[in-house]
Engineer: 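My structure is below; once you've seen it, I'll send some questions.
In what follows, chains carry the letters A, B, and so on, assigned in the order in which the sequence lines appear, proteins first and then strands, with residues in each chain numbered from 1. Computed over heavy atoms, backbone and side chain alike; hydrogens, waters and symmetry mates excluded.
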Number of protein chains: 2
Amino acid sequence: METALPKFDSVFSIDCVIFGFEAGELKILLIERNEEPFKDWFALPGYIVEQDESIDDGAKRILYELTGLRNMPIKQLHTFGDVNRHPQGRVVTIAYFALIRISGQKDLTPITQYAKKAFWHPVKDLPKLAFDHTTIFETAFRRIRRRLNYQPIAFDLLPEKFTLTQLQSLYEVIQDKKLDKRNFRKKMLSYGFLKELSEKQKGVSYRAAKLYKFDRRKYNKIFQNELNIQTTE
Amino acid sequence: METALPKFDSVFSIDCVIFGFEAGELKILLIERNEEPFKDWFALPGYIVEQDESIDDGAKRILYELTGLRNMPIKQLHTFGDVNRHPQGRVVTIAYFALIRISGQKDLTPITQYAKKAFWHPVKDLPKLAFDHTTIFETAFRRIRRRLNYQPIAFDLLPEKFTLTQLQSLYEVIQDKKLDKRNFRKKMLSYGFLKELSEKQKGVSYRAAKLYKFDRRKYNKIFQNELNIQTTE
DNA sequence: ATTTAATGGTGTAAATCTCACACCTTATCT
DNA sequence: AGATAAGGTGTGAGATTTACACCATTAAAT
C-alpha cells in the first residue's frame, strides 16, 4: 500500500487532444503516465497549470514538457469540471486540441518525469484512458468532425504537398463515410485555394498523382467576407 | 482609501451571457456589482464556484443567486484564463451562455448582496463592463451568430407563439442583415417543424398575423439523422 | 363611410449546387 | 507484353437558392 496522495484544493489542469494523420489513419497523442494516480495508464498529455501563466501558455508548456512538441497551434475545446473527475480533489481541466502534421515531427520525448513516453495511437480502438479522458477525446472528435465542414482543418493534418486522394481519404476517415471521387475533386478544386504543383508523387508503385498545396492566403481572400471565421475557439 | 482586497490563489468563477429578445432588440442580462473590485460597475452575472459543486451546477446556482432566474438551460461557452484578468489574483472564469424568453420571466431580483440589481440591456451600445466581460460577451455573440445557421436557437428567444415576421426580424437582428421575406418564409415552412396555429396575433393596429409554434418533437425527428446535433457544447 | 397607414401574405423563373454514375489512362512490376 | 493499381475526367437530373412586386387585411384617422 502506498501513502495517501496529497489533496488538491481547487486547481486547474490542461489536457490536450492532438490529432495526426498517418498511414491512412487518424491518430491522437497519448502518454504513458509515470505518476499516481493512474500510474502506468495511458492518458492525454496534461498537467497542472502554474499560477503565473495564462491557460493558453500553460497548455503549450505542458504539451511541450510531456511530448517534446513545441509551440503547437492549439485551441481551446471545453472545460470539464465535475466534482469527482480527479481522485485527488478538485481539479477542473481545460481541454485543448490541435491538428498537426505527424510527418514533420521529430521524436516524442517527454521532458519531465511525469510521462514515461509519448506516442501516436489510432483513434479507432483507443485503450481505456485515465480520468475522464475518454470523454474529452470524444468531445474533441465530435468537434473536428463538424468543423471539417466549414474550416480548412484537413490541411493541418496532411504533409505540405499532398494528393487529392490523400485529402479525400482524410475526409473519409474523419467523417467515417465514403465520398464520391469525382464530386469531391470537383468541389475541392472549385474553391480555388488549392495550388496545383508541377511535381508528382514519388515512390509509389503505380501511376504517380499530382501534388497540391493548400494556399492559405487565397483561402483567406476568398472567405474573408463570409461571416466570421472563428480562429481562436 | 480602502484596505487591500484578499488575494486569490487559483480559484474558478463562472460568468453568464444570457441573451433575450424584446421590443425587436437583442439583449443580455447584466448586473450592477455591489462588491469590490469593480463595485458599482456593470458586469455579466458571475461569481466563484464552490468546492463541492460541478461547474455546470455552479453556473446554474450563481445565475440564480444573482438574477433570480432558476434552472436556465445554459451551455458552456469558453474559459478565460489570462493571468491578470482579475485584480485579486488568479481567477480563471468559465463562461456560459443561454438564450431565453424574456417575456416569461418574472422580475430579476438578486438573492445575494453581491449584486445591486439585474437587468436587460440591448447588445447594441453595451456599456463598459467589469473585468474582461466585454470580450466574453463578444465571444458569446459570435457563437450564437454562427449557431443560428444550424441550430434552432431562435425559438428559445421568442415567445411560445410567434409570427413569421417576428422570427425573421430576430434572424435579422442577430445576423445584422436584411432577409427576403418570401424566401425566408418559404424556407422556414419547408422544414416542417413549425406548427401553424388557428390563432392570430392580438392587439396590433394593423392586419393580425398568424401565430406559429416551434414543434421540437418534429424537429428532432427530422434532424436526428444529420450528423451529431451538438447539445452540450 | 371613406381613406390612410401599416403590415400580412403569396409565386415564378433563372442560376447554382448537389448528386449519382463508368471508363480510359498512366506508371510500375513481373 | 500483360497484369496490377491507382489517377484522372464529364454529364444530366433534381434540389436548392436567389431575386423580385403586388394585392389583402385590419385598425385608426378623417
Side-chain angles (χ1 to χ4, degrees), chain A residues 21 23-25 146 148-150 152 154 158-159 161-173 175-213 222-223 225-227, chain B residues 21-25 146 148-150 152 154 158-159 161-173 175-213 219 222-223 225-227:
Chain A
F21 183 61
E25 283 189 309
R146 289 212 68 150
L148 189 64
N149 291 313
Y150 53 87
L158 291 171
K161 303 169 181 183
F162 51 86
T163 69
L164 292 178
T165 301
Q166 283 165 356
L167 182 61
Q168 180 176 345
S169 91
L170 176 52
Y171 271 76
E172 289 178 341
V173 166
Q175 306 204 325
D176 195 24
K177 68 176 174 202
K178 290 296 276 177
L179 299 172
D180 178 85
K181 183 162 64 160
R182 277 179 290 191
N183 291 337
F184 181 81
R185 285 164 180 244
K186 200 186 331 163
K187 190 160 177 199
M188 274 296 158
L189 293 173
S190 77
Y191 290 134
F193 54 59
L194 291 184
K195 190 150 95 196
E196 184 179 331
L197 305 177
S198 44
E199 277 174 272
K200 294 203 164 176
Q201 213 176 8
K202 269 169 201 156
V204 290
S205 70
Y206 46 80
R207 175 176 176 186
K210 279 183 210 153
L211 290 169
Y212 290 82
K213 257 189 184 171
I222 296 167
F223 290 101
N225 298 319
E226 309 226 345
L227 194 58
Chain B
F21 184 61
E22 193 180 41
E25 283 189 308
R146 290 213 65 151
L148 188 64
N149 291 314
Y150 53 88
L158 291 171
K161 303 170 182 183
F162 52 85
T163 69
L164 292 178
T165 301
Q166 283 164 357
L167 182 60
Q168 179 177 344
S169 90
L170 177 51
Y171 271 77
E172 290 177 341
V173 166
Q175 307 203 326
D176 194 25
K177 70 177 175 202
K178 289 298 274 178
L179 300 171
D180 178 85
K181 183 162 64 161
R182 276 179 291 190
N183 291 339
F184 181 82
R185 284 163 181 244
K186 202 187 329 167
K187 189 159 178 200
M188 273 298 157
L189 293 173
S190 78
Y191 289 134
F193 53 59
L194 292 184
K195 191 149 95 197
E196 184 179 330
L197 304 177
S198 44
E199 277 174 273
K200 293 203 165 177
Q201 213 176 9
K202 270 170 199 155
V204 291
S205 71
Y206 47 80
R207 176 177 175 185
K210 279 183 210 153
L211 290 169
Y212 291 81
K213 257 190 185 171
Y219 175 84
I222 295 167
F223 290 101
N225 299 318
E226 309 226 347
L227 192 59

Engineer: Given the rule in the side chain to side chain contact (heavy atoms under 4.5 Å, CB included) test, do B:Tyr219 and B:Tyr191 qualify, once you have shown the distances and angles that lead to the verdict?
Structural biologist: CA-CA 8 Å; B:Tyr219 175 84; B:Tyr191 289 134; over 6 Å; no
Engineer: Determine, stepwise, if the pair B:Phe162 / B:Phe21 fulfils side chain to side chain contact (heavy atoms under 4.5 Å, CB included).
Structural biologist: CA-CA 12 Å; B:Phe162 52 85; B:Phe21 184 61; over 6 Å; no
Engineer: So, the side chain of B:Glu172 versus the backbone of B:Leu179: is there a donor-acceptor pair under 3.5 Å, distance only?
Structural biologist: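 Answer holds: yes.
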Engineer: Between C1' on D:dT17 and CZ on B:Arg182, what's the gap in Å once rounded to a whole number?
Structural biologist: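 Taking atom C1' of D:dT17 as the reference, CZ of B:Arg182 is at 14 Å.
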Engineer: A:Phe184 has an atom CZ; how far is it from atom P of D:dG7, in whole Å?
Structural biologist: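 From A:Phe184 CZ to D:dG7 P: 12 Å.
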Engineer: Verify whether one side chain among A:Ser190 and A:Arg185 offers a donor that lies under 3.5 Å from an acceptor in the other.
Structural biologist: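 Per modelled atom types, A:Ser190 and A:Arg185 side chains form no pair under 3.5 Å.
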Engineer: Here's a test for you: under side-chain contact (heavy atoms from CB on, under 4.5 Å), which of A:Leu189, A:Leu167, A:Thr163 qualifies with A:Tyr212?
Structural biologist: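 With A:Tyr212 as partner, side-chain contact (heavy atoms from CB on, under 4.5 Å) holds for just one option, A:Leu189.
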Engineer: Show your reasoning for whether side chain to side chain contact (heavy atoms under 4.5 Å, CB included) applies to B:Tyr171 and B:Gln166.
Structural biologist: CA-CA 9 Å; B:Tyr171 271 77; B:Gln166 283 164 357; over 6 Å; no
Engineer: Sub-3.5 Å donor-acceptor pair from the side chain of B:Gln201 to the main-chain atoms of B:Lys210, do we have one?
Structural biologist: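 Answer holds: no.
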Engineer: Protein-nucleotides 23-28 of chain D N/O pairs closer than 3.5 Å?
Structural biologist:
unit_1 : atom_1 : unit_2   : atom_2 : d
D:dA24 : N3     : B:Arg207 : NH1    : 3.0

Engineer: Rounded to the nearest angstrom, tell me the gap between atom NZ in A:Lys181 and atom C1' in D:dA5.
Structural biologist: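 Spelled out: NZ on A:Lys181 to C1' on D:dA5 is 11 Å.
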Engineer: Below 4.0 Å from chain B heavy atoms, what is the first contacting nucleotide of DNA chain C and what is the last?
Structural biologist: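 Terminal contacting nucleotides, 5' to 3': C:dA6 to C:dT12.
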Engineer: Going through the checks in order, is the side chain to side chain contact (heavy atoms under 4.5 Å, CB included) test met by B:Glu196 and B:Leu211?
Structural biologist: CA-CA 6 Å; B:Glu196 184 179 330; B:Leu211 290 169; over 6 Å; no
Engineer: Would you indicate what A:Thr163 reaches in the nucleic acid, counting non-hydrogen atoms under 4.0 angstrom: base, sugar-phosphate, or nothing?
Structural biologist: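 The answer is nothing, as A:Thr163 stays clear of every strand by at least 4.0 Å.
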Engineer: Roughly how many Å is it from NZ in B:Lys187 to C1' in D:dT18, rounded to a whole number?
Structural biologist: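 So the two atoms are 11 Å apart, to the nearest Å.
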Engineer: Can a salt bridge be assigned to the pair B:Lys161 and B:Glu199 using a cut-off of 4.0 Å between side-chain N and carboxylate O?
Structural biologist: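 Answer for the salt bridge query: yes.
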Engineer: Just how far, in rounded Å, is C1' of D:dT9 from CE of A:Met188?
Structural biologist: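 Taking atom C1' of D:dT9 as the reference, CE of A:Met188 is at 18 Å.
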Engineer: Select from B:Asn183 and B:Ala209 the residue whose nearest nucleotide in DNA chain C is closer to the 5' end of that strand.
Structural biologist: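 It is B:Ala209 whose nearest nucleotide is closer to the 5' end.
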Engineer: Counting the atoms with a prime plus P, OP1 and OP2 as sugar-phosphate, which does B:Lys210 contact under 4.0 Å by heavy atoms, base, sugar-phosphate, or nothing?
Structural biologist: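 Sugar-phosphate only.
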Engineer: Is any side-chain N or O of A:Lys186 under 3.5 Å from a base N or O of D:dT11, one able to act as donor and the other as acceptor?
Structural biologist: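 Looking at the base of D:dT11, it does pair with a donor or acceptor on the side chain of A:Lys186 (distance under 3.5 Å).
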